[in-house]
Amino acid sequence: MSLDQEIYQQRRAKLGELQALGAAAYPHHYAATHRLAEIAAEYSGWDAERLERDRIHVKVTGRIMTLRGHGKAGFAHLQQAGERLQIYVRQDALGETGFAVWKLVDLGDWLGVEGYLFRTRTGELTVHAEKIELLAKACRPWPEKWHGLQDIERRYRQRYLDLTVNLESRAIFLRRDRLMRFLREAFQQRGYLEVETPMMQPMAGGAAARPFVTHHHALDIPLYLRIAPELYLKRLVAGGLERVFEINRNFRNEGISTRHNPEFTMLEFYEAFSDYRALMSWSEQLLASAARAVTGSEQVTFHGQTLDFSQCQRLSLREGVPRFWPVAAGPKPGPEFWADRSQLEAAVAAYNRYAATAGAGAPIPSPSGADAGELVMALFENLAEEHLVQPTIVYDFPLSVSPLAKSKPDEPDWVERFEIYAGGMEIANGYSELNDPEEQERRFRQQAGADAAIDSDYVRALEYGMPPTAGEGIGIDRLVMLLTDAASIRDVILFPLQRPETVAEPEGLGG
RNA sequence: GGGGCGGUAGCUCAAUGGUAGAGCAUUGCCCUUUUAAGGCAAGGGUUCUGGGUUCGAGUCCCAGCCGCCUCACCA
């Protein structure tokens, strides 16, 4: 029998002993008078004399995190919502039966304690227990109290342990919650309506990622988990919901990395009678206020660097290529390299030679097959992205990589689109929305290929008329990473996708 | 999918190719103001799996599984 199983059986047996003492193994409720945080807030200033004079009776609950037996007495720390409070028990205060219950208590158990506050010789605020009740037993052995749970895989798999033992992990999710509240409030104040659109879609549109496929039995049709809510949200704008936002999951059947989880949370929002310029300014303010709301400052530490959200740098995509051109790759492309096919291909060739020799990056495949826009985009992503540590708005993208964005009036091959980068990651993407149905249909057909299906209801919605609109998506998980200095997207997602585990059964319940 | 690193007791970690250890946790005894409580004693191992080299493998080699990092994929 393994130690796990041995401990499991010992602790189940203790539940039986507890019932023999007249207690419930798993009681239904416990009426506490205080949260541990309330006790800390109200009585941390009280000295021993005052606590003795105005004796404060409390009933508290918490999980046992430390346990120190002293013969016919003992100490423990209860933890509740990240707060700890010490309790002191002694046989003469608890009585024979109460003390027998104490003897059956283990690390990790949930306990209800009734008593009065006092200060120990070392001055620690402590509950002098008069009555204790086991509320739920930890039948599995608890992680080590000092080093805690380090194994990164187990921290994700068994988040319930991680959240209790690693309080910095708990703090990340409290910050995440604060960000979500802030964002909802900010959008409501700007007159936005929060909506929910289908996560199961008959066609996966709005982005170019591989979808997950499932099947609906009653209708006998394939359904796709959405890769973006975009096309549904814009239908709503066409329907007169002039400002809408949605915060929810997208699903992309692609690789997993420190910046990618197959399901991730996206904030998408659309406002009528607006354009990408307006959204750039508003996004800039939004990020600054979000940083302040969540961290208390517009300057945020991320991977040892200070990111300043008080203002975004701005840079056109086309400028980015010469700006971040590495010396080792030879002469910089000229300022209008993108307008001339031969200059562009020369730049790609120079970059590819550089990528091969320095091992500094991935080569850009098949320059002759790609159109100019794809090449400029590839150059930008390979050269610039990692340098965009300070919050930066990159604007004006090639049309060929932006099938849903509206062209620039004076440059038909370029669109009114921007992305926001910070910490070397893309965190937002927005544009003036294309609302000409014929133009949209042409671009869909070009993207999908002649025979492939396109979302013709979306085109139909545009045919009824969608007002001029600007929209944007913000990657919430990555934003949380920035605001919590997280190294991996998995640190900011409670249950990141992992290969399934086979759970060890504790051969409990007497076999 | 490519490359790099890792997998040892419940947890955190040690161990030149030579008897697998420590701290915490667990069990028993002592202990009525401790706090990583303390003292005495005990139990606990498929060293990820399978092959191979060797007198001898946790250690070296090969294959596989799992994880992390990285590159690729991913508007």
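The chains referred to below are lettered A, B, ... by the order of the sequence lines, with proteins before strands, and numbering in each begins at 1. Scope of the values below: all heavy atoms of this structure, side chains included, with no hydrogens, waters or symmetry mates.
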Count the heavy atoms belonging to other residues, nucleotides or ligands that lie under 6.0 Å from CD of A/E52, then report whether that count exceeds 12.
no

Between the side chain of A/D109 and the main-chain N/O of A/A138, is any donor-acceptor distance below 3.5 Å?
yes

Looking at A/D92 and B/rU32, is any side-chain donor or acceptor paired with a base atom of the opposite kind under 3.5 Å?
yes

Closest approach to the side chain of A/W146, judged atom by atom: which nucleotide of B/rC74, B/rA36, B/rU33 is it?
B/rA36

Side chain of A/K145, heavy atoms from C-beta onward: which of B/rU34, B/rC24, B/rC66 has the nearest atom to it?
B/rC24

For the side chain of A/Y88, starting at C-beta, report the closest nucleotide among B/rU32, B/rC66, B/rA37.
B/rU32

Which of the following nucleotides, B/rC31, B/rU70, B/rU33, is nearest to the side chain of A/T258?
B/rU70

Is the base of B/rU27 touched by the side chain of A/E6 through a donor-acceptor pair closer than 3.5 angstrom?
no

How many Å lie between CG on A/L125 and P on B/rU34, as a whole number?
17 Å

Nearest-neighbour nucleotide for the A/R499 side chain, B/rA75, B/rC68, B/rG67 considered
B/rG67

Are OP1 or OP2 of B/rU32 and a side-chain N or O of A/R90 less than 4.0 angstrom apart?
no

A/Q150 atom CD is separated from B/rC24 atom C1', nearest whole Å, by 13 Å

Donor-acceptor pair (no angle test) under 3.5 Å: A/R121 side chain, B/rU33 base:
no

Nearest-Å distance for atom pair CZ/C1', residues A/R154 and B/rC13
15 Å

Value in whole Å for how far the P atom of B/rU12 lies from CG of A/D162
12 Å

State which of B/rG67, B/rU33, B/rU27 makes the closest approach to the side chain of A/D106.
B/rU27

What is the distance from CG of A/N261 to P of B/rC68, rounded to the nearest Å?
11 Å

Taking OP1 and OP2 of B/rU34, is either one under 4.0 Å from a side-chain nitrogen or oxygen of A/K72?
no

The side-chain contact (heavy atoms from CB on, under 4.5 Å) partner of A/R417 among A/N429, A/L404, A/L317 is A/N429

Name the residue closer to the 5' end of RNA chain B, choosing between A/S488 and A/N429 according to the nucleotide with the nearest heavy atom.
A/S488

Carboxylate-amine/guanidinium contact A/R249 A/E263, below 4.0 Å:
yes

Nearest-nucleotide pick for A/P141, side chain only, options being B/rG67, B/rC74, B/rG10
B/rG10

Select one nucleotide: of B/rA72, B/rU26, B/rU32, the one nearest the side-chain heavy atoms of A/N382.
B/rA72

Between A/A209 and A/H128, the residue closer to the 5' end of RNA chain B by nearest nucleotide is A/H128

Whether A/R119 contacts B/rU33 is assessed here as follows: a side-chain N or O lying under 4.0 Å from the phosphate OP1 or OP2. Is that the case?
no

Looking only at B/rC24, B/rA75, B/rC66, the nucleotide nearest the A/E144 side chain is B/rC24

Could you state the atom-to-atom distance from CD of A/E426 to C1' of B/rC74 in whole Å?
10 Å

Less than 6.0 angstrom from the centroid, inside 45 degrees of the normal: does A/R318 satisfy that with respect to the ring of A/W414?
yes

Between A/R53 and A/E49 (salt bridge meaning N to carboxylate O under 4.0 Å), is one present in this structure?
no

Taking atom C1' of B/rA75 as reference, at what distance in whole Å does atom CD of A/E381 sit?
7 Å

Taking only the side-chain nitrogens and oxygens of A/R490, find out if one of them lies under 4.0 Å from OP1 or OP2 of B/rC68.
yes

Closest approach to the side chain of A/E124, judged atom by atom: which nucleotide of B/rC71, B/rU34, B/rA75 is it?
B/rU34

